[in-house]
Novice: 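Starting off with a structure, shown below.
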Amino acid sequence: MLPGTPTTGGGGVRQETHTGEADLSGFLLHVSHDLKTALRAILVHSDLLLKSHQAMQVPGLEERLGFIADGARKIDLLTAGIASYSVALQIRRELFQPAPMEVLLRAVLAKLDGEIRANHAGVSHDKLPRVHGEPDRLMEVFENLLHNALRHRGAADPAIHIAVEKQPEAWLFTVRDNGPGVPAEYLESIFQPFVRLQGSQRPGPGLGLAICRIILERHGGRIWAESTEGSGAAFRFTLPAE
């Protein structure tokens, strides 16, 4: 894990963020901002050159500029992931508020509607409870898990179901898909930063599940995966019950 990865105290409740973690978070946010500014300039000028009549007369230039633009877009995705990681490190329990998980999920589904339709995916869910936390970050958990299920789909149209179960002191959520599944040896490592089972074959920097883990641990919960390769995957996470 990156320095500053959260740990839990007895009972699973996250302790206060240390100064070192706050420093790391600020550093990551600053770096991602500066990188994004530089990348925008690269993308803008690459696009201008591609549209230039003179550039079209130079053999191979269009293809080379395309490689530059593609690389810049990949780095742009990485900087966005680093920024989200840094924000997750800044979660403060004193700012928690009632968070209706069903409302948050509906907002995420509306945001991902285009991607869901493009994949001919079906998404269903149980009636979800209200918890205590940061609504924006909890939405990010749903968004990352749904993105994960859509990006790592199998041959069949994706079918995703979000279930919930009341436990003595927590809510247990399960995001289950019908994708290719996760090999047993990777069920833990996929939550480490920058781990991607398909390498460069899939878009994204490989930070989504790591961000989910930080967010949930900051909320006093945890996340893990269960899967039989070839039979889909279930991402389970807990949040304290009010």
Side-chain angles (χ1 to χ4, degrees), residues 1-36 77-112 125-148 162 164-175 191-193 204-205 207-224 235-242:
M1 297 288 285
L2 289 178
T5 296
T7 57
T8 55
V13 177
R14 180 65 175 83
Q15 304 302 312
E16 293 300 318
T17 301
H18 296 296
T19 301
E21 289 181 342
D23 290 345
L24 173 64
S25 175
F27 170 75
L28 291 175
L29 201 58
H30 181 78
V31 168
S32 64
H33 177 269
D34 285 357
L35 281 172
K36 187 171 283 291
L77 285 173
L78 175 60
T79 59
I82 292 173
S84 294
Y85 193 98
S86 70
V87 170
L89 288 172
Q90 296 176 21
I91 291 175
R92 296 165 56 191
R93 296 180 64 84
E94 62 268 26
L95 298 179
F96 285 6
Q97 59 182 285
M101 295 293 277
E102 184 142 353
V103 174
L104 302 185
L105 175 60
R106 288 176 181 171
V108 171
L109 291 176
K111 180 179 180 180
L112 299 181
H125 62 89
D126 294 352
K127 182 175 177 59
L128 303 182
R130 184 178 69 173
V131 300
H132 203 62
E134 279 198 25
D136 287 346
R137 302 287 73 78
L138 294 173
M139 285 177 62
E140 195 170 356
V141 171
F142 278 138
E143 185 173 350
N144 280 326
L145 292 178
L146 288 171
H147 265 310
N148 188 72
I162 298 114
V164 67
E165 176 186 340
K166 181 67 168 64
Q167 297 186 325
E169 297 182 354
W171 291 102
L172 171 63
F173 296 82
T174 302
V175 179
F191 293 98
Q192 302 293 328
L207 282 169
L209 293 177
I211 290 168
C212 286
R213 171 171 278 182
I214 289 179
I215 291 171
L216 292 164
E217 288 181 343
R218 288 293 197 274
H219 282 78
R222 65 190 186 98
I223 185 171
W224 67 98
F235 287 86
R236 301 183 185 273
F237 63 90
T238 61
L239 286 168
E242 290 188 310

Novice: Should we say atom CZ of Arg130 is surrounded by more than 12 heavy atoms from elsewhere, each under 6.0 Å from it?
Specialist: no

Novice: Quick one: does Asn148's side chain have a donor or acceptor within less than 3.5 Å of a partner on Asn144's backbone?
Specialist: no

Novice: Starting at CD1 of Ile211, measure out to CD of Glu140 and round the result to the nearest 0.5 Å.
Specialist: 5.5 Å

Novice: Nearest 0.5 Å please: distance from the CG atom of Leu78 over to the OH atom of Tyr85.
Specialist: 13.0 Å

Novice: Atom CD in Glu217, atom CD1 in Ile223: separation rounded to 0.5 Å?
Specialist: 9.5 Å

Novice: Give the minimum heavy-atom separation between Val108 and Met139, together with the two atoms involved.
Specialist: CG2-O, 3.5 Å

Novice: Could you give me the CA-CA distance, side-chain angles and deciding distance for Val141 and Arg137, then say whether side-chain contact (heavy atoms from CB on, under 4.5 Å) is met?
Specialist: CA-CA 7 Å; Val141 171; Arg137 302 287 73 78; over 6 Å; no

Novice: Measure the CZ-CG distance between Arg106 and Leu128 for me, rounded to the nearest 0.5 Å.
Specialist: 8.5 Å

Novice: Main chain of Arg218, side chain of Arg93: is a donor-acceptor contact present, judged purely on distance under 3.5 Å?
Specialist: yes

Novice: Please enumerate all residues that pass side chain to side chain donor-acceptor pair (under 3.5 Å) together with Asp136, with sequence neighbours excluded.
Specialist: none

Novice: How far apart are the closest heavy atoms of Pro240 and Trp171, and which atoms are they?
Specialist: O-CD1, 4.3 Å

Novice: Report the distance from atom CG of Leu146 to atom CZ of Phe235, rounding to the nearest 0.5 Å.
Specialist: 11.5 Å

Novice: Would you please say whether a donor-acceptor pair under 3.5 Å links the side chains of Thr238 and Arg222?
Specialist: no

Novice: Taking all non-hydrogen atoms of both residues, which atom of Phe96 and which atom of Gly133 are closest, and how far apart?
Specialist: CG-CA, 3.5 Å

Novice: Working note: Leu239 + Leu138, criterion side-chain contact (heavy atoms from CB on, under 4.5 Å); need CA distance, chi angles, decisive distance, verdict.
Specialist: CA-CA 10 Å; Leu239 286 168; Leu138 294 173; 4.0 Å; yes

Novice: Nearest 0.5 Å, please: how far is CZ in Arg213 from CG in Leu209?
Specialist: 9.0 Å

Novice: Which residues satisfy the ring-ring contact (aromatic ring centres under 6.0 Å, His included) test with Phe142, sequence neighbours excluded?
Specialist: none

Novice: Just wondering, are more than 12 heavy atoms of other shown residues or ligands nearer than 6.0 Å to NZ in Lys166?
Specialist: yes

Novice: Closer than 3.5 angstrom, by distance alone: can the side chain of Glu165 be matched with the main-chain N or O of Leu172 as a donor-acceptor pair?
Specialist: no

Novice: Do Ser84 and Leu207 come within less than 4.5 Å of each other through their side chains, counting heavy atoms only?
Specialist: no

